[in-house]
Amino acid sequence: MFRIIKAFAEAIFPSRCLNCRAFMRPDPRRDEKLCATIELTFGQAMNRFLCSACLMDFQPAQSPLCPRCGTVFDAFEVEDHLCENCVIAPSHFHQARAAGIYEGALRRIIQDFKFRFKIHLAKPLGLLMLHTFHGMYEQKASTVPDILVPVPLHTIRLRNRGFNQAFLLANHLTDLNRQHPDLGFPVLKTDPDILLRCRQTRPQVGLNKDLRKTNIANAFRVTAPEKAAEKHILLIDDVYTTGATVDECARILIQAGAARVDVLTLARA
Ligand SMILES: [Zn+2]
Ligand SMILES: [Zn+2]
């Protein structure tokens with residue numbers, strides 16, 4: 001019965017691609033596909049929301065890259081190697097990885113999620129992040145992080161937006177991991193109460209690397225150092241641009257006694 005109603009609804013209100021607004025042909029298997037497997041591509045996570053042309057547009061953030069900050073190099077560089085920035089001024093975090101490049105359809109999806117209140121996108125995006133998490137830690141079970149910490153928003157911005165996108169992503173990642181014990185990862189937990197954004201900063205958009213660093217300096221506080229002490233922490237955020245925000249978080253977490261801080265974002269600019 002539900003399927004009939006759904007088919008009927010699709011006929012009257014056909015789905016449109018979130019990126020190009022093209023009408024999409026309904027695929028009856030797409031709901032099942034969404035959570036059936038973790039060996040998924042961007043296409044499998046996102047095929048309810050994007051047409052096939054926009055799905056093809058996705059660029060994964062993959063090798064050749066900088067093993068530390070995750071900067072993606074041009075394909076001709078062939079091998080992973082440290083980038084110039086990481087040689088000159090190494091970050092406080094141990095490694096940063098992202099699912100894809102912040103362009104095209106992925107960029108549009110993230111903006112819809114963040115600024116147009118499309119909170120339902122948190123689940124497929126969380127799945128995409130779990131896929132990247134899997135790639136980060138699959139060969140090294142002993143290095144799996146103890147806690148996931150979403151990059152906090154200042155209370156005023158949180159009140160205006162109504163939700164913290166990083167917290168939703170971290171929560172979905174932890175939930176989806178629990179539903180996939182076959183991955184062999186221990187139960188992960190998200191703790192949004194370790195870090196606090198104590199100072200309101202101007203948006204980082206439009207600022208260069210140095211200004212971003214100054215803008216974000218001392219914007220965070222570790223409110224529960226006992227929870228961070230000796231822990232391997234994975235910071236979660238939506239977009240990595242120059243890394244100034246996550247590096248500042250990593251700096252104070254390490255100062256508070258964290259053993260290691262990694263970074264996972266949906267996209268990198
Ligand atoms: Zn499209
Ligand atoms: Zn680097």
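Order of appearance sets the numbers: ligands from 1, and atoms from 1 within every ligand.
- Between His120 and Phe49, the two ring planes are tilted [angle within 30° to 60°].
- For the pair SG of Cys66 and SG of Cys69, the angle at the Zn ion (ligand 2) is about 110°; rounding is to 10 degrees.
- In this structure a side-chain-to-backbone donor-acceptor pair under 3.5 Å is missing from Gln165 to Asp238.
- Around the Zn ion (ligand 2), the two atoms SG of Cys83 and SG of Cys86 are separated by an angle of 100°, to 10 degrees.
- The aromatic rings of Phe113 and Phe163 sit tilted relative to each other, their planes meeting at an angle between 30° and 60°.
- Here the Zn ion (ligand 1) is the vertex; the SG atom in Cys51 and the SG atom in Cys17 give an angle of 120° (to 10°).
- Of the possible polar contacts, one joining the Asp57 side chain to the Ala105 backbone as a donor-acceptor pair under 3.5 Å is found.
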